[in-house]
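Notes follow once the structure below has been shown.
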Amino acid sequence: MTEFEPKIIAFCCHYCALAAADVAGKTGLQFSPNIRIIRVLCTGKIEVPHLLKAFESGADGVVVISCKFGECYFKEGNFRAQKKVERAQSLLQEAGLKPERLLFDFVPGPGAKKFVDILNGMTERVRSLGPNPSVH
Amino acid sequence: MIVAERKPFSEILSMVEDYSRILVVGCGSCVTICMAGGEEEVKILSSQLRLAFKKNKKDIEVEEAMALRQCDDEYMNNPELINKVKKADIVISMACGIGVQHATAFFNRIITDKPIKIVPGLNTTFMGANLDVGVWEERCVGCGDCVLEKTGGICPITRCAKSLLNGPCGGSSNGKCEINKETDCAWHLIIERLEALGELDRIKPIEMYKDWRPSHDGGPRKIIREDMRI
């Protein structure tokens, strides 16, 4: 039997997470191939329906990676993103999905190591949770 | 505006679990502004229903639609919306109670080959003002006989827990109501406002009992403007 390989969507802020991804690439740090990155100009623009839609469309896990608090290019986008993730987590729970499938985290601009750790950690977390029960 | 909030998901689920074609219809007016039943909330509820049903291995179809105002025929008489309603086994209206009732009457009048079942997705809570982002508070109970000219623009019917016309009562303490410390005493606010306006004498005469007939106690109210009718 083949091991379950989760599909994970990572909504990444252009200003921090994407910069961290660039640094990770240049310095040879590798992250899990299970991750599909969606670049957003600011994580504050992610709406709750986007997060739910990702699960509906087959994602086993979703992670939102924004700037550190106080470092958002648009001042408060990361605070907004955190609130939306929290709301989406409770909506997922109501629908019968584990809220742990959705994660909010942040990286400082050049924080390639943390970026890679978040993605690899999320892959392991979702692998242990198993497939999205609303898809498989 | 009319302020509402979404019903708990479990309650909505129990209303629709025996059906396989569900239509979620949002309303583009008050409940969009109070973020309870607009386009985004329609998407959220539809996603939740799909996820919940698929998890339980139930094959269902959830469609989404919007009407600018569910309390007005003009905005409901849309062929695309009517077709979606025809195809659905059950409709969840994300409008206020007015919209749910009006949609039920409208679609059952327009669609004659089968009865249309419409259930509420929201609890209609009050007529209120938007005080801050994500904060609404009741401001009017629609008593049908406005007294705001006597009370400095602060409604004692709505904002006083006892709806007193001659206040404050003994439960007012440091400007707060006895029901809880977060609720302002309406009569404290009224006296402050009238004092600032130099009109404190306005509350000296005792107000007699209020005629509640224009309020809901006289049954459902109706206004007919003959000048608007042809």
Side-chain angles (χ1 to χ4, degrees), chain A residues 4 6-9 11 38 40 42-62 64 72 74-103 126 129-136, chain B residues 4-17 19-20 22-28 31-66 92 94 119 121-123 132-136:
Chain A
F4 160 60
K7 280 184 198 161
I8 296 169
I9 302 294
F11 289 99
I38 296 178
V40 290
C42 175
T43 51
K45 195 67 197 85
I46 298 167
E47 301 295 346
V48 174
H50 298 143
L51 300 171
L52 300 183
K53 195 78 186 169
F55 286 100
E56 258 193 79
S57 307
D60 299 299
V62 174
V64 175
C72 174
F74 300 99
K75 284 189 177 177
E76 56 194 24
N78 44 9
F79 287 98
R80 290 182 189 279
Q82 188 188 31
K83 291 266 186 184
K84 286 171 187 171
V85 167
E86 285 169 1
R87 172 139 190 260
Q89 284 172 329
S90 71
L91 293 164
L92 286 173
Q93 193 160 25
E94 286 178 342
L97 271 74
K98 290 209 165 87
E100 293 83 4
R101 291 185 183 276
L102 175 59
L103 175 75
V126 178
L129 287 170
N132 175 350
S134 293
V135 175
H136 299 277
Chain B
E5 58 186 353
R6 206 186 82 175
K7 281 182 174 290
F9 183 67
S10 55
E11 191 181 335
I12 299 176
L13 199 59
S14 69
M15 292 179 204
V16 300
E17 61 193 354
Y19 300 87
S20 53
I22 301 164
L23 174 66
V24 184
V25 187
C27 183
V31 293
T32 288
I33 297 165
C34 70
M35 296 185 267
E39 204 169 346
E40 185 167 320
E41 290 73 30
V42 167
K43 283 183 186 167
I44 288 172
L45 178 60
S46 303
S47 278
Q48 275 191 295
L49 288 169
R50 287 187 205 108
L51 289 169
F53 279 115
K54 277 187 196 163
K55 184 178 180 257
N56 297 330
K57 311 291 174 216
K58 196 177 167 203
D59 194 23
I60 54 128
E61 215 175 277
V62 182
E63 274 278 340
E64 301 168 19
M66 280 296 292
I92 303 173
M94 299 285 279
V119 293
L122 307 182
N123 287 324
D132 199 350
V133 180
V135 182
W136 297 270

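Note that the coordinates shown come from a computational prediction; the quantities given were computed from them, not determined experimentally. For the numbers below, each heavy atom of this structure counts, side chains included, while hydrogens, waters and symmetry mates do not. Residue numbering restarts at 1 for every chain, and letters A, B, ... go by the order of the sequence lines.
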Atom pair [atom1] ([X]) and [atom2] ([Y]), whose distance is rounded to the nearest 0.5 Å:
| X | Y | atom1 | atom2 | value |
| --- | --- | --- | --- | --- |
| L97(A) | K54(B) | CG | NZ | 11.0 Å |
| Q48(B) | E56(A) | CD | CD | 10.5 Å |
| L51(B) | L91(A) | CG | CG | 10.0 Å |

Is a salt bridge present between E94(A) and R6(B), judged by a nitrogen-to-oxygen distance below 4.0 Å?
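Looking at E94(A) and R6(B), the cut-off is met.
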Taking only heavy atoms into account, what residues of residues 75-85 of chain A are found under 4.5 Å from chain B?
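None at all.
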Checklist entry - Most heavy-atom pairs under 4.5 angstrom with chain A, which of K57(B), K43(B), R50(B)? => result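 If we count pairs closer than 4.5 Å to chain A, R50(B) comes out on top.
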- Looking only at heavy atoms, what is the nearest atom pair of E40(B) and V48(A), with distance?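 Between these two residues, the closest heavy atoms are OE2-N, 4.3 Å.
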